[in-house]
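Basis for what follows: all heavy atoms, side chains included, without hydrogens, waters or symmetry-related copies. Owing to the predicted nature of the structure, the values given are computational and were not obtained by experimental measurement.
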Amino acid sequence: MKYVLVTGGVVSGLGKGVTASSIGVLLKACGLRVTSTKIDPYLNTDAGTMSPFEHGEVFVLDDGGEVDLDLGNYERFLDVKLTRDNNITTGKIYQSVIEKERRGDYLGKTVQVVPHITDAIQDWIERVARIPVDGKEGPADVCVIELGGTIGDIESMPFIEALGQFSYRVGPGNFCLIHVSLVPVLNVVGEQKTKPTQHSVRQLRGLGLTPNLLACRSTKELDDNVKSKLAQFCHVPLSNIVTLHDVPNIWHIPLLLKEQKAHEAILKALNLLSITKEPNLKEWTTRTKVYVDFHENVRIAMVGKYTGLSDAYLSVLKALLHAAVARNRKLIVDWVPAEDLEDVTSKQDPNAYKAAWGLLKGAYGVLVPGGFGDRGVQGKILAAKYARENNVPYLGICLGMQIAVIEFARSILGMGDTTSTEFDPEAKNPCVVFMPEGSKTHMGGTMRLGSRRTYFQVADCKSAKLYGNVSFVDERHRHRYEVNPDMISQLESAGLSFVGKDETGSRMEIVELPSHPFFIGVQFHPEFKSRPGKPSPLFSGLIAAACELDRTVMSPSHGHTKLTNGIQNGHSPILKSHQNGNGFKTTNGSLNGIYTNGNANGNGNGNGVHF
């Protein structure tokens, strides 16, 4: 087994996750089998109880693991299925060591950070690296490890020590360290400054780790004299210093690494140069370059409560992008804060209210993603109502499905007081209820999690057709509440159709409105299994329906004009462009290839940017 470690220096948010994933893509293109591990130094056992404002979205794996969003990045780039153990946290390590101590495994010994914690870290890395993740038998050839945080962080010290020991444990030729660092440009002098990277590498070497490659983040390519200075003072060969400069979108990063022959430097360090082939990235290159040439847009309104933070809906964004690319469309996401759609906002902030409704009504598809809590719920209900009544394509995910059911029950069945017990535990007539097997005392890891099977009840429904007319699908879940089984007959008699159910037949998984062009709600999270070149069927359906509506309302008979130089109906489709805030900045006025309206920004928490 070979290991590639990716660390970060100077500042957080340089894009270590993208770099690690891109290295994996490059090595896979060389004919190697690749797996990935993410180390998060926080004390939480997993990411499940973290607010999106703290760490972005919680990514869910097939085995129910609630993990850091970087693992979603790895899965999308490498097209693999990781396990919960591929995300190592300080909490997991200490928990495992303390459990051993209580069992008596260390009987008679004083349990300490060194060697017991550091040994546990090394053992965990070795064990997880051997778990097949690509559907084939046997372990992978290379494990790419990303160490979260920044070199010098106190919380990372046990992992740094463990990885220093690990490099000796696996021996020369089996370990390659890539250090991602910042080479800033001071506007005053306009010169690329190497000192931050020099200090970062010196600190790394002082902790027992020596980098084989330097991946330098900068706004533009490094000057030759800058690379020479870094090579001299950081003791890294000139050929092993690569520039990760700003690019149109982060799909370019594997290509950027290939152009600078980073794969040769890595393979040489791992003694694999003689047994690998030249990287074949033909399909990746085509997908990357063709997106730039798309001229037609598709506009989707994302109605949620974390719209100021794009990383909170990262997988949803990527799933939309994958589907839009497959449809040869540029994706424009209109971020609509759910609270701004509510009547109370019309009085408190009329401008925000008008802007939110303007974005919603200007989009050709509406998506209400998952979430927790009652903030913004009324706004989401209004968005679902608008989409239902105006034949606008609608996709509701998890809470978005429950919202659609609540709105239908209120509007069509006349049940004005119906709601979810999540929002009103004392509700007398709830159409969404707490699942009986859930825990009301413990929050972490107690939801209905991971891959579950959904059986189609109606063979010719839209969802079944999108999935290829199969009888069942396996999708990932993360929820505590479900549609009330006691209300199904009432809802279906009024026109809703629950076309997908679990194996018991009593838990609703997919709901459709047959009389609507595209109105689908799903209890699961289809975004987690979407891949570049393999978009989620439901997201493909939403984009296709939105494109159809786009063609209809943009036709001359409807009094609208087509896009001309990016201007539609007198206003630019890009009201405001944003930098993700935590990694590779795009240069085309978009958010990693996605054009955005509203106020979505990256979280700047050290997670990097994601595909």
With a 4.5 Å limit on heavy-atom distance, are the side chains of [X] and [Y] in contact?
X    : Y    : result
V432 : N484 : no
L147 : V6   : no
E509 : V522 : no
N44  : M50  : yes
V97  : K100 : no
L491 : V405 : yes
F166 : I125 : yes
Y353 : D340 : no

Main-chain N/O of [Y] paired to [X] side chain as donor or acceptor, under 3.5 Å:
X    : Y    : result
E57  : P52  : no
T421 : F434 : yes
T89  : T45  : yes
S536 : S530 : no
R448 : H479 : no
W124 : D85  : yes
T90  : P41  : yes
T307 : V336 : no
S346 : D343 : yes

Query - side-chain contact (heavy atoms from CB on, under 4.5 Å) between V483 and V511, worked out - result: CA-CA 10 Å; V483 177; V511 64; over 6 Å; no

Query - Residues R507, E482; criterion salt bridge (charged side-chain N to carboxylate O under 4.0 Å, His left out); working and verdict - result: CA-CA 7 Å; R507 182 159 286 152; E482 62 174 333; 2.8 Å; yes

**Report entry** Residue pair V60, F524: steps toward the side-chain contact (heavy atoms from CB on, under 4.5 Å) verdict
**Finding:** CA-CA 11 Å; V60 179; F524 48 80; over 6 Å; no

Query raised in the report: Between I403, V366, I406, which is the residue that forms a side chain to side chain contact (heavy atoms under 4.5 Å, CB included) with K380?
Result: I403

Query raised in the report: Taking the six-membered ring for Trp, are F518 and Y394 ring centroids under 6.0 Å apart?
Result: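 No, the ring of F518 stays outside the 6.0 Å limit from the ring of Y394, centre to centre.
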
Check ion pair [X]-[Y] (N to O, under 4.0 angstrom):
X    : Y    : answer
R476 : E527 : no
D502 : R452 : no
E339 : K305 : no
E75  : K38  : no
E66  : R478 : yes
D70  : K16  : no

Would you compute the distance between atom [atom1] of [X] and atom [atom2] of [Y] and round it to the nearest 0.5 angstrom?
X    : Y    : atom1 : atom2 : result
T345 : L341 : OG1   : CG    : 8.0 Å
F539 : S315 : CZ    : OG    : 9.0 Å
M447 : Y481 : CE    : OH    : 11.0 Å
I520 : L542 : CD1   : CG    : 8.5 Å
R388 : L496 : CZ    : CG    : 9.0 Å

Say whether [X] and [Y], considering side chains only, have a donor N or O and an acceptor N or O under 3.5 Å apart.
X    : Y    : value
D46  : N87  : no
E101 : H116 : no
Q523 : E475 : no
T83  : N86  : yes
S21  : N73  : yes
S200 : H179 : yes

Query raised in the report: Applying the salt bridge (Lys or Arg N to Asp or Glu O under 4.0 Å) test to K81, which of D62, D474, D63 qualifies?
Result: D62

Query raised in the report: At their closest point, which heavy atom of E155 faces which heavy atom of Y42, and how far apart are they?
Result: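 Scanning both residues, the minimum pair turns out to be OE1-CA, 4.4 Å.
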
Requested in this report: Please name the pair of heavy atoms, one in A363 and one in I300, separated by the smallest distance, quoted to 0.1 Å.
Outcome: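 Heavy atoms of A363 and I300 come nearest at CB-C, 4.1 Å.
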
Query raised in the report: Checking salt bridge (charged side-chain N to carboxylate O under 4.0 Å, His left out) for the pair E422/R480: CA distance, chi angles, key distance, verdict?
Result: CA-CA 9 Å; E422 179 180 6; R480 283 193 177 88; over 6 Å; no

Report task. Given side-chain contact (heavy atoms from CB on, under 4.5 Å), test M302 with V316 step by step and report yes or no. Result -> CA-CA 9 Å; M302 182 94 79; V316 175; 3.6 Å; yes

Query raised in the report: Take atom CZ in R102; do more than 12 heavy atoms of anything else shown fall under 6.0 Å from it?
Result: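 Counting other residues, nucleotides and ligands, CZ of R102 stays at 12 neighbours or fewer.
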
Requested in this report: Give the intermediate values and the outcome of side-chain contact (heavy atoms from CB on, under 4.5 Å) for residues L71 and L69.
Outcome: CA-CA 5 Å; L71 274 80; L69 50 74; over 6 Å; no

